[in-house]
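One structure below.
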Protein chains: 2
Amino acid sequence: MPRAGLVPATVTEAAADVADEIGLSQLSMSVVAERLGVKAPSLYKHVDGLADLTHRIATLGALELGDALRDAMQGLAGRDALAMAAQTVRAYVKDHPGRYAATTGASPTGPDDPLASALDRVLESFAAVLHGYHLNPGEQIHAVRMLRSVLHGFATLETSNGFQLDADIDDSFAWMITFIDRGLTAAGAP
Amino acid sequence: MPRAGLVPATVTEAAADVADEIGLSQLSMSVVAERLGVKAPSLYKHVDGLADLTHRIATLGALELGDALRDAMQGLAGRDALAMAAQTVRAYVKDHPGRYAATTGASPTGPDDPLASALDRVLESFAAVLHGYHLNPGEQIHAVRMLRSVLHGFATLETSNGFQLDADIDDSFAWMITFIDRGLTAAGAP
DNA sequence: AGCCGAAAGCTACGCCCAATAGCCACCAGT
DNA sequence: ACTGGTGGCTATTGGGCGTAGCTTTCGGCT
């Protein structure tokens, strides 16, 4: 019987794909094993159980989202950066709901946890959006939190079908970005 | 052996309490049964399985949150109404994370589902907040969605410890309310 | 009061999943 | 070629959901 040639990263990516397809709550060792053409107990040679696997998916999601934000925001500032960052988050959550759910549900185990630095990089991108607005330094942290809340809330509600009429969702999103841009501009130059 | 005198509402409330205490994901028939001094299979005489139980918790949560919003917003308008509604949502999510998680995770099965009307009442309260601002009717729906997104996102991130501890979360929340109030005021009188 | 049927509790069971133990085969390095 | 580590496997335990079927209790009716 030939070996499958698995490493932790292979298992994590397969699990992340499965989570995106069937939902994080439906993720199980069996279905990941089946995807990889392997029996479930074999996965424990590469991954330390379902909790560890979810943690790895969370880290993968944070890394990917951080990279996507960096790439998308290259050379942009102000309203353009804001709109691009928002759209990037929204698209990532829509395309990878399982990874994103893992990311939001997880918390780093310590300061040397790769998840911690991955999350920090995402936050740095959010902070970079705000550099284009001339905010009071004390307001920066509040603005970052508001931005996170808005984007997280909107994307989460959208993927869980929390909005009634999905036809206008793009309009609502654009309106929201304009609203925030105007508010930040006014806050920067009072 | 005496009867426990259970009805669906009793089971639902006990389950909601348990979910608030240990988290919705940890909810199981066994632990609810233990709370009620009963064996797990007995619950199936009152409730149609775990999915139905979660659905009932979601409905309970939506009803309670709707009532809390109505009570809190009595006679308030404009910024006061906005601040009170936001604080009410935030407090409810903090005090009842399990119920709230059930509410956001669930979707009504049909138009006659009690959950649908309960959710509608919550949305009506959000809409009522905006009546104090003189928005263009076409903007109303966008503003409601933004309000939902912000409050949902903030409360969710806060309860999952998504914010770092270095700055006061209350300050951020107050700043955010002021930000939205100013934006809505400006949008109403351009 | 006595009975009778519905309903509420129970035990026993089947199935699925997480996780561990322990076995066997494959491959690398000497 | 041998040998040891490693990656797969089967078998098993424990727990959770849900069903089947039994027993007991309680309300209503005569």
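Protein chains get the first letters and strands the later ones, always in sequence-line order, with residue 1 at the start of each.
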With the criterion being N/O to N/O and under 3.5 Å, what pairs connect the protein with nucleotides 16-19 of chain D, and how long is each?
residue : atom : partner : partner atom : Å
D/dC17  : OP1  : B/M29   : N            : 3.0
D/dC17  : OP2  : B/M29   : N            : 3.1
D/dC17  : OP2  : B/S30   : OG           : 3.4
D/dG18  : OP2  : B/Y44   : OH           : 3.2
D/dG18  : OP2  : B/L50   : N            : 2.7

Residue pair B/H96, B/I57: steps toward the side-chain contact (heavy atoms from CB on, under 4.5 Å) verdict: CA-CA 11 Å; B/H96 303 290; B/I57 296 174; over 6 Å; no

A/D20 and A/K94: CA distance, side-chain angles, deciding distance, salt bridge (charged side-chain N to carboxylate O under 4.0 Å, His left out) verdict: CA-CA 9 Å; A/D20 287 339; A/K94 194 174 220 165; over 6 Å; no

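The phosphate of D/dG8 (OP1 or OP2) has a side-chain N or O of A/H46 nearer than 4.0 angstrom. Contact annotation: B/S42 reaches the phosphate of C/dC10 (side-chain N/O to OP1 or OP2, under 4.0 Å).
Not less than 6.0 angstrom separates the ring centroid of A/Y92 from the ring centroid of A/Y100.
Five base pairs at each end of the helix from C/dA1-D/dT30 to C/dT30-D/dA1 define two local axes, and these are offset by 0° (rounded to 10°).
More than 12 non-hydrogen atoms from other residues, nucleotides or ligands lie less than 6.0 angstrom from CG of B/D168. Within a 6.0 Å radius of CD in B/Q140, other residues, nucleotides and ligands contribute more than 12 heavy atoms. Around atom CG of B/D48, no more than 12 heavy atoms belonging to other residues, nucleotides or ligands sit under 6.0 Å away.
Across the protein-nucleic acid pair, B/K45 atom NZ and C/dA8 atom C1' stand 6 Å apart, rounded to whole Å. Nucleotide C/dC16 holds its C1' atom 15 Å from the NZ atom of A/K39, rounded to whole Å.
Side-chain contact check for A/L69 versus A/F126: some heavy-atom pair is nearer than 4.5 Å. Side-chain contact check for B/Y133 versus B/L82: some heavy-atom pair is nearer than 4.5 Å.
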